[in-house]
Amino acid sequence: MSKKILILAGDGIGPEIVAEAIKVLEAVRAPFGLDLTLDEALVGGAAYDASGHPLPEETLAAARAADAVLLGAVGGPKWEPLPIAVRPEKGLLGLRAGLGLFANLRPAILCPQLADASSLKPELVAGLDILIVRELTGGIYFGEPRGVTRLESGERRGVNTLVYTESEIRRICRVAFDVARQRNKRVCSVDKANVLECTELWREVATEVGRDYPDVALSHMYVDNAAMQLVRAPKQFDVMVTTNMFGDILSDAAAMLTGSIGMLPSASLNAEGQGMYEPIHGSAPDIAGKGIANPLATILSVAMMLRYSLHEAAAAQAIEDAVSRVLDQGLRTGDIMSPGMRQVGTVEMGDAVVAALASAG
Ligand code: IPM
Ligand code: MG
C-alpha cells in the first residue's frame with residue numbers, strides 16, 4: 001500500500017532545504033521500490049499569511065492522515081509581533097499536540113569529517129554519539145494554568161505550569177530504554193528533583209521503568225549538572241531522557257558540540273509510530289532565499305523518516321552513506337566550511353547527494 005508523506009516546507013530556509021530533501025527522497029524511490037504519495041501543505045508563518053492561522057485545519061487533517069510528515073522550519077522576524085496564539089511556533093506545537101508526538105529523538109553525532117568544527121577540543125568529541133530523548137507534548141510547554149494576567153494592584157503576573165502525569169513519564173522513559181537497548185545500553189534521566197516535585201516524580205517513575213530493563217544502566221542527573229557535563233565530558237552520555245523544556249535546552253547544547261547544527265535531523269513519534277521529521281535547526285531568516293543553507297540535516301531527516309516510520313532501513317542507510325561520501329569529497333556549505341574544502345550552495349549540495357546515491361548503484 002502506498003505510504004503517504006506530507007511535506008510542510010514552512011518558512012525561511014524551509015522551502016529551500018526541503019526541496020533538496022525531496023530530490024533525495026525521489027532518488028531512492030525507484031531503486032528501493034518505495035511506494036510513496038507526496039502531498040504538500042502550509043504551516044507556520046506561510047500558513048498564517050495565507051489563512052490567518054499557523055496551523056490550518058486542513059493541514060492538521062492532512063498530517064493526521066499521513067504516515068509521516070517532513071517539516072522544514074517555521075518562524076521569522078516578520079511574525080514576531082503577532083500574539084503568541086498565532087505565531088508560527090504555535091503551528092509546530094499544534095502539530096506535536098495534535099498528532100500526539102510525545103517522543104522527540106534528537107541525535108547529536110559528530111561526523112568524523114567535521115571534527116574540527118566543534119567548539120570543544122577534538123579529543124573530547126571524537127566519536128561523540130548522544131541521543132537525547134525529549135518529552136514533547138507535556139510539561140511546562142503545555143501545562144495549565146498559563147498566561148499573563150493583571151493583579152488588582154495593576155501589576156502584571158505571568159504563569160506557566162510544569163505538570164507531568166506518571167503515564168506521560170513512563171511512556172517517554174520506555175522509549176529511551178528501548179532505544180538504549182539498540183545502542184550502548186545506558187540511560188541518563190535528567191531532572192531537577194532537588195527542587196521541583198514534578199521532577200522528583202519523574203525520577204521515581206524513571207527508576208521504576210528501569211527495573212524492567214535490567215540490561216540497561218540507569219543514572220540520574222540534575223539538569224544544571226547535565227548542562228555542565230555536556231560541555232565538560234560529553235562522551236559519558238549514551239541516551240539522555242528528559243522533560244520538554246530541559247530537552248529543548250540540552251539538545252541545543254549537544255548539537256553545538258558537533259559543530260554543525262546544520263547537520264542534525266530529528267524525529268518526533270507518537271504511540272502508533274507515526275512521525276514528524278525535521279532538522280533541529282531553525283528557519284534561519286538571515287540567510288533565507290540566498291541558496292546557501294545546508295540541506296543535509298533535512299536530507300538526514302528523510303533517512304530517519306525512512307527508518308522509523310516507513311521501515312525502509314536500507315534506503316535510510318543509503319542516504320546516510322551518500323551524505324558521508326559527499327563530505328569525504330570535501331563538499332561543504334558555508335556553515336561547515338573549513339580550509340581546503342570546496343564551498344557549495346544548497347542546490348549543489350542536494351545534487352551531490354543524489355549523485356552519490358546514483359554512483360553507489
Ligand atoms: C525546538 C524549538 C521549538 C521548541 C520552538 C520553535 C517552539 O526550539 O524544536 O527545539 O521550543 O520546542
Ligand atoms: Mg529548541
Side-chain angles (χ1 to χ4, degrees), residues 8-14 17-18 42-48 53-55 59-60 63 69-108 130-143 146 160-164 168 172 175 190 223 226-227 230 240-258 260-270 275-286 288 293 297-298 300-301 304-305:
L8 303 173
D11 309 318
I13 58 171
I17 54 179
V18 161
L42 293 175
V43 74
Y48 176 82
H53 199 280
L55 182 59
T59 297
L60 183 57
V69 178
L70 180 69
L71 183 107
V74 298
K78 178 178 171 192
W79 302 285
E80 266 161 28
L82 292 174
I84 282 199
V86 290
R87 280 212 207 130
E89 289 77 5
K90 271 284 172 195
L92 190 57
L93 296 172
L95 280 166
R96 290 173 181 172
L99 299 178
L101 304 171
F102 71 90
N104 185 209
L105 311 186
R106 298 193 162 187
I130 301 175
L131 181 69
I132 297 189
V133 177
R134 168 187 176 194
E135 200 291 326
L136 203 60
T137 51
I140 199 166
Y141 270 52
F142 292 93
R146 66 186 300 152
N160 286 96
T161 305
L162 173 61
V163 50
Y164 274 113
E168 284 177 310
I172 191 70
V175 170
V190 177
V223 64
L230 265 179
M240 302 176 89
V241 61
T242 192
T243 65
N244 202 340
M245 189 162 78
F246 294 165
D248 178 46
I249 298 166
L250 295 179
S251 63
D252 266 24
M256 197 57 231
L257 300 178
T258 73
S260 42
I261 195 159
M263 296 292 302
L264 299 174
S266 75
S268 306
L269 306 171
N270 67 15
M276 181 160 84
Y277 299 82
E278 55 180 309
I280 77 157
H281 60 70
S283 61
D286 51 321
T298 318
L300 291 169
S301 298
M304 266 188 124
M305 175 174 85

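When a ligand or atom number is given, it counts from 1 through the structure's own listing order.
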With side chain to side chain contact (heavy atoms under 4.5 Å, CB included) as the test, would you mind laying out the steps for Ile140 and Asn244 before giving the verdict? CA-CA 7 Å; Ile140 199 166; Asn244 202 340; 5.9 Å; no
Just by modelled atom types, is the Ala267 backbone N or O under 3.5 Å from a matching donor or acceptor in the Asn104 side chain? yes
Identify the protein heavy atom lying closest to atom 11 (O) of ligand 1, giving its residue, its atom name and the separation to 0.1 Å. Tyr141 OH, 2.6 Å
Below 4.0 angstrom from a heavy atom of Arg134, which ligand 1 atoms are there? Numbered from 1 as shown, please. 1 (C), 4 (C), 9 (O), 10 (O), 11 (O), 12 (O)
Starting from atom 8 (O) of ligand 1, locate the nearest protein heavy atom and write down its residue, its atom name and how far away it is, to 0.1 Å. Asp248 OD1, 3.2 Å
Below 4.0 angstrom from a heavy atom of Arg106, which ligand 1 atoms are there? Numbered from 1 as shown, please. 1 (C), 9 (O), 10 (O)
If every non-hydrogen atom of Ser283 is compared with every non-hydrogen atom of Asp11, which pair is closest and at what distance? CB-O, 3.7 Å
Would you confirm whether Arg146, through its side chain, and Tyr141, through its main-chain N or O, come within 3.5 Å as a donor-acceptor pair? yes
Where the side chain of Thr59 meets the backbone of Leu42, is there a donor-acceptor pair that is under 3.5 Å apart? yes
Please step through side chain to side chain contact (heavy atoms under 4.5 Å, CB included) for the pair Glu278 and Leu92, ending with a clear verdict. CA-CA 11 Å; Glu278 55 180 309; Leu92 190 57; 3.9 Å; yes
Glu89: numbered ligand 1 atoms lying under 4.0 Å from its heavy atoms: 6 (C), 7 (C)
Can you count the protein N, O or S atoms that lie less than 2.8 Å from the Mg ion (ligand 2)? 1
N/O donor-acceptor pair under 3.5 Å between Asn270 side chain and Leu99 backbone: yes
Supply the atom-to-atom distance Thr258 OG1 to Leu264 CG, rounded to the nearest 0.5 angstrom. 4.0 Å
Below 4.0 angstrom from a heavy atom of Arg96, which ligand 1 atoms are there? Numbered from 1 as shown, please. 1 (C), 4 (C), 9 (O), 12 (O)
Main chain of Leu82, side chain of Glu80: is a donor-acceptor contact present, judged purely on distance under 3.5 Å? no
